[in-house]
There are 2 protein chains.
Amino acid sequence: MADMTAAWEPVPRSRTFELVLARIEEQIIAGRLRVGDRLPPERELVDMLGVSRAAVREALRVLEAQGVLRSRVGTGPSSGTVIAAMPDAGLTQLLRLHIALANFPMDDVVEARATLERASARLAAELVTEDGLERIRDPLLRMDDASLPREQFNDCDTDFHVAIAEAGRNRLMADMTIAVRNAVRHTLLTAFNKLDDWEKVASRLRAEHHAIYEAIAAGDTQAAGDLVEAHVRGFHQDIVKKITDGTNPPAP
Amino acid sequence: MADMTAAWEPVPRSRTFELVLARIEEQIIAGRLRVGDRLPPERELVDMLGVSRAAVREALRVLEAQGVLRSRVGTGPSSGTVIAAMPDAGLTQLLRLHIALANFPMDDVVEARATLERASARLAAELVTEDGLERIRDPLLRMDDASLPREQFNDCDTDFHVAIAEAGRNRLMADMTIAVRNAVRHTLLTAFNKLDDWEKVASRLRAEHHAIYEAIAAGDTQAAGDLVEAHVRGFHQDIVKKITDGTNPPAP
DNA sequence: ACCAAGTAATGGTCTGACCAAGACCCCAAT
DNA sequence: ATTGGGGTCTTGGTCAGACCATTACTTGGT
């Protein structure tokens, strides 16, 4: 009998929608489908691939969830299914759910945030343009308004960190940074709303944000990275941890 | 007339599968659905939600693509649709496509790899257990075999970096690190296969790997991080860049 | 006690139909 | 010639209903 040491890998039982998926991915990987290109209409794909429309649609749904596609009804340009590029939407969604599932404990998320935002800030300090600086400054200044409601403060905070991530001009780093930041958005807002000494916390955050901005504007990569990392870690350590308890209630 | 400055955000035209998605996510975010739990059978969801089975299935496909679900046919335990946790599968897939779409230029990917693997190595040096060290050592030693085919060398290389990422005991960091490493797996293999002076490159990689291992084993966070970052950057800079040209052929 | 055939539950697939949004075409009214 | 409006076609979105394949449990015979 033949050599049995090589495990009898079970034949990957492919579902037809996975085959459709594979065909489309082929085109993408091979570079034949590029951002902006239109896919054939669903009904044509059905004929071309010899599968049901449901199978085609399930494959398209997957790609859409990954931010690779965008579908619109109707005729004419901008209709139909086109290759798009919205990686951070897909990333954000994915992280959000897995964080909720506690596959990713909050401490892990903070560590990841610290790592990513530190690196992003360093890139920003190195590469930021005048335009990029302005995008960082805008939410920074809006946050200085002491009467700003907490929810909008949180939004500006998000914008601030997003602007830094994008200033580094590295889409992958930025998208991951943004996705992780977005994934904790709700948690932060909850924490904000539970705070008694809101004004004290807010002014601390403002001060840290200003310092970060200055470091980036000055092109001081080391300081920018250190300040951001301390900002992220400190905030979660000192503020969020004391408050967030009931989130993700443990099983009975 | 009322204030018009607030943009007339178009009502988000929700498709029914998105509503189904939202309901399921609700349960997850609220913690009522946890890893290991089973969802009702598709047909029951259809009755409960008052939508077609196609809509339910499209929603489930999305969650499956994100690594949140796992479906199996048949009866009995382990069949049906259950909440699972396979974040890195979803992440890897997502990054792979977007890298292919050149939404993420290779330089950006290298930067991200350097950042993530540096952080992972630091965590590993700090937290690794004896068991974790062994998981790192195993692929390391297998790579020492000079007769190892390039493809398997690449697999071991992947295993080595994955083992380091997992030794830091931070699932999110590890999954992102793994996903990015996997996303360039094909690119690296292609580069390997084009090399003329393979043995020279291989021994350089071996040496760097051993040094990294030693630093982690010694608990030297600084050295571990620096070595890994240099390893990642140096490899792409010196090896891959010289060789990889035709990948992702430019549009005509 | 054990094995085999039967059966029920479940996801996977397909067909065919209709709906709704959007863009284009064509003709009538100005 | 221009413009307005309605018809129409394409396209994705949704649905209902049926059948298939896999899997585990049940039942009955040896």
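Computed from a predicted structure; not experimentally measured. In the text below, chain A, chain B and the rest are named by the order of the sequence lines, each starting its count at 1.
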Protein proximity profile, nucleotides 18-25 of chain D - base contact B, sugar-phosphate-only contact S, no contact -, cut-off 4.0 Å on heavy atoms: BB--BBBS
Separation of atom CZ in Arg70(A) from atom P in dG13(D), rounded to whole Å: 11 Å
Glu64(A) CD - dT11(D) C1' separation (whole Å): 14 Å
Residue pairs, two or more places apart or on separate chains, that pass salt bridge (Lys or Arg N to Asp or Glu O under 4.0 Å) and touch residues 85-103 of chain B: Glu25(A)-Arg96(B)
Side-chain N,O (Thr16(A)) to OP1/OP2 (dT13(C)) below 4.0 Å: yes
Arg185(B)/Asp155(B) salt bridge by N-O under 4.0 Å criterion: yes
Below 4.0 Å: OP1/OP2 of dG11(C) and any side-chain N or O of Arg72(B): no
Any residue meeting side chain to side chain donor-acceptor pair (under 3.5 Å) with Arg53(A), in chain and number order, not counting sequence neighbours: Glu42(A)
Sugar-phosphate, base or nothing in reach of Arg61(B), heavy atoms under 4.0 Å: sugar-phosphate
Upstream residue (5' side of DNA chain C) when Pro41(B) and Ala55(A) are each assigned their closest nucleotide: Pro41(B)
For atom CZ of Phe17(B) and atom C1' of dC15(D), their distance in whole Å: 16 Å
Secondary-structure string, 5' to 3', Watson-Crick or G-U under 3.5 Å, | for another-strand partners, for DNA chain D: ||||||||||||||||||||||||||||||
Parallel, tilted or perpendicular, as decided by the 30° and 60° cut-offs, for the rings of His98(B) and Phe104(B): tilted
Distance, rounded to the nearest Å, where Glu18(A) contributes CD and dG11(C) contributes P: 16 Å
Within residues 74-83 of chain B or reaching into it, pairs that qualify as side chain to side chain donor-acceptor pair (under 3.5 Å) - sequence neighbours excluded: Ser71(B)-Thr81(B)
Interatomic distance, Arg57(B) CZ vs dC14(C) P [rounded to whole Å]: 10 Å
Residues in side chain to side chain donor-acceptor pair (under 3.5 Å) contact with Asp145(A), at least two apart in sequence or another chain: Ser147(A)
d(CG, Leu60(B); C1', dT10(C)) in whole Å: 13 Å
Test ring-ring contact (aromatic ring centres under 6.0 Å, His included) applied to Phe160(A) - qualifying residues, sequence neighbours left out: His209(A)
d(CG, Leu39(B); C1', dT10(C)) in whole Å: 13 Å
Between P of dT10(C) and CG of Leu69(B), the distance in whole Å: 16 Å
Side-chain N,O (Thr81(B)) to OP1/OP2 (dT10(C)) below 4.0 Å: no
Which residues share a side chain to side chain donor-acceptor pair (under 3.5 Å) with Asp131(B), sequence neighbours left out: Arg135(B)
Counterpart residues, side chain to side chain donor-acceptor pair (under 3.5 Å), relative to Arg23(B) (two or more places apart): none
